[in-house]
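Throughout, protein chains are lettered first and strands after them, A, B, ... in sequence-line order, and every chain is numbered starting at 1.
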2 protein chains.
Amino acid sequence: MRTDNRLPRVLHILLHLDEIDEPVTSERMGEMFGMDASLVRRTMGGLRKHGLVTSTKGHGGGWHLQRPLSEISLMDVYIALGSPSVFAIGAPEPSSPCLLEHAASDATRAAMGAARQVFEKELGRVSVSDLARNARI
Amino acid sequence: MRTDNRLPRVLHILLHLDEIDEPVTSERMGEMFGMDASLVRRTMGGLRKHGLVTSTKGHGGGWHLQRPLSEISLMDVYIALGSPSVFAIGAPEPSSPCLLEHAASDATRAAMGAARQVFEKELGRVSVSDLARNARI
DNA sequence: CTATCATGTGACATTAAAAGTCACGTGAAT
DNA sequence: ATTCACGTGACTTTTAATGTCACATGATAG
């Protein structure tokens, strides 16, 4: 399985976006972060739909923040990315009515559920501006 | 990325293995669990290396448990599978010395680390025989 | 008005790792 | 000696993220 690295990448983008006053084009972001401009648009598009950023077309257009970073939690970003699945391991729906298979699936899921809760709680209590503050120390 | 379903699958196998007195061949396991016999051998081989099961060759050979299920925690099984990576999301090593990129990576990793700890703790406090007990209720 | 800039998006190519398959070597029991 | 069963290298298949390309859409400048 290939890991989904969008969360840290988007956080990085947002942190820089906050330091630039004028709108930033996808093209420029692509150069800054080593991404294809089209991929930038696609990724940022998710954030736009969730009200984190806005985009303007035409001359002088580009991306800018819609809310201050202090009002965006890492969890908001994670959700805006579509709440990608956290786990590389899984427990598929049991393929048989076998109770032992169910027990094995359930136990695996229980551990994953507990881990997921912690993951989301951690993301929820940190704002993107907290990261900027940490970086400055 | 495709999810790694080996943990629940192997737990299921171990639970059945405990209910069969004679050694079970890979061939038979393959039929029981819808796997290629070769894949069974490969998967169980990991468990053998960690002392959870043993295998015998030749007539009447096959797989059997080396320890009672009450002495095997889900964490033992997870480790025997090679401690596969838990997460489908990730934070790669920062590609630049940019402090903001580091902060973004670190925050993501911190949440993942907390989640991983909980995942492993949950696995550690459940034995495979606990699953059998749950299934019987 | 039209040329240019920039986003929006469908379609396709690439990549990475699990899962699955095949073939054959090794060793044990009859 | 034959059959059974594991052990394992090498390969193919599968799946979803990632990345790329081309072009439509809409906004601004002059």
Side-chain angles (χ1 to χ4, degrees), chain A residues 1-10 13 17 20 22-31 33-50 53-64 66 78 81-92 95 108, chain B residues 1-10 12-13 17 20 22-50 52-64 66 78 81-92 95:
Chain A
M1 184 193 279
R2 192 172 181 184
T3 64
D4 177 346
N5 301 322
R6 285 176 300 164
L7 182 57
R9 178 178 273 181
V10 165
I13 290 177
L17 202 54
I20 302 176
E22 72 235 23
V24 185
T25 68
S26 305
E27 202 77 37
R28 184 168 166 208
M29 284 186 177
E31 288 162 15
F33 304 110
M35 301 166 71
D36 190 86
S38 196
L39 182 56
V40 171
R41 284 197 281 274
R42 213 180 292 279
T43 306
M44 296 298 286
L47 304 203
R48 185 176 41 70
K49 281 177 192 151
H50 284 78
V53 298
T54 54
S55 57
T56 51
K57 294 182 171 182
H59 283 268
W63 299 91
H64 48 98
Q66 186 164 29
Y78 174 72
L81 289 173
S83 302
S85 62
V86 178
F87 296 101
I89 65 181
S95 56
T108 307
Chain B
M1 156 202 348
R2 194 174 181 180
T3 64
D4 178 346
N5 301 322
R6 285 176 298 164
L7 181 58
R9 178 178 273 182
V10 166
H12 185 197
I13 290 177
L17 202 54
I20 303 176
E22 72 236 23
V24 184
T25 67
S26 306
E27 201 77 36
R28 184 168 166 208
M29 284 187 177
E31 288 161 16
M32 291 174 67
F33 305 109
M35 300 168 69
D36 190 88
S38 197
L39 183 54
V40 170
R41 283 196 281 274
R42 211 180 295 279
T43 306
M44 296 298 287
L47 304 204
R48 186 177 42 71
K49 280 178 194 150
H50 285 78
L52 304 188
V53 299
T54 54
S55 57
T56 51
K57 294 183 174 182
H59 284 268
W63 300 92
H64 48 99
Q66 185 161 31
Y78 175 72
L81 288 174
S83 301
S85 63
V86 178
F87 296 100
I89 64 181
S95 55

- Between C:dT7, D:dC6, D:dG19, which one does the side chain of A:W63 approach most closely?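 For A:W63, the side-chain atoms sit closest to C:dT7.
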Rounded interatomic separation in angstrom, taking [atom1] from [X] and [atom2] from [N]:
X	N	atom1	atom2	answer
A:L39	C:dT14	CG	C1'	13 Å
B:F87	D:dA17	CZ	C1'	18 Å
A:L47	C:dT7	CG	C1'	15 Å
B:M29	D:dC6	CE	C1'	12 Å
A:K57	D:dT25	NZ	C1'	5 Å
B:K49	D:dC6	NZ	P	16 Å
B:N5	D:dT15	CG	P	12 Å
B:M35	C:dA18	CE	C1'	12 Å

Any [X] side-chain nitrogen or oxygen under 4.0 Å from OP1 or OP2 of [N]:
X	N	value
A:R41	C:dT7	yes
B:R48	D:dG7	yes
A:T56	D:dA27	no

- Query: Which residue, A:G34 or A:H59, contacts DNA chain D at a nucleotide closer to its 5' end, judged by nearest heavy atom?
  - Reply: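 This one resolves to A:G34.
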- Item | Closest-nucleotide ordering on DNA chain D, the 5'-leading residue of B:G61 and A:R6 |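 Residue closer to the 5' terminus by nearest nucleotide: B:G61.
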- Item | Pairs satisfying salt bridge (Lys or Arg N to Asp or Glu O under 4.0 Å), at least one member in residues 25-41 of chain B, at least two apart |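 Listed once each, the pairs are B:E22-B:R28.
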Would you mind classifying the nucleic acid contact of [X] as base, sugar-phosphate or nothing, using non-hydrogen atoms under 4.0 angstrom?
X	answer
B:V24	sugar-phosphate
A:G62	sugar-phosphate
A:S26	sugar-phosphate
B:R28	nothing

Where [X] and [Y] come nearest, the two heavy atoms and their spacing:
X	Y	result
B:T3	A:I89	CB-C, 4.2 Å
B:W63	B:V53	CE3-CG2, 3.9 Å
B:P84	B:Y78	O-OH, 2.6 Å

- Item | Non-hydrogen side-chain atoms of A:H64 and A:T56 separated by less than 4.5 Å |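 SC-SC contact between A:H64 and A:T56 confirmed.
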- Query: Mapping B:P84 and B:G60 to their closest nucleotides on DNA chain C, which lands nearer the 5' end?
  - Reply: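 Counting from the 5' end, the first nearest nucleotide belongs to B:P84.
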- Message: Would the base of D:dT20 count as contacting A:R42 through its side chain, where contact means a donor and an acceptor less than 3.5 Å apart?
- Response: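 Per atom types, the contact qualifies.
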- Message: Does A:S38 contact C:dT9 through a side-chain donor or acceptor facing the base, at a distance under 3.5 Å?
- Response: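 Yes, the side chain and the base share a sub-3.5 Å donor-acceptor pair.
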- Task: Give the ring-plane orientation class for B:F33 versus B:H12, where under 30° counts as parallel, over 60° as perpendicular and anything between as tilted.
- Result: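 B:F33 and B:H12: perpendicular rings.
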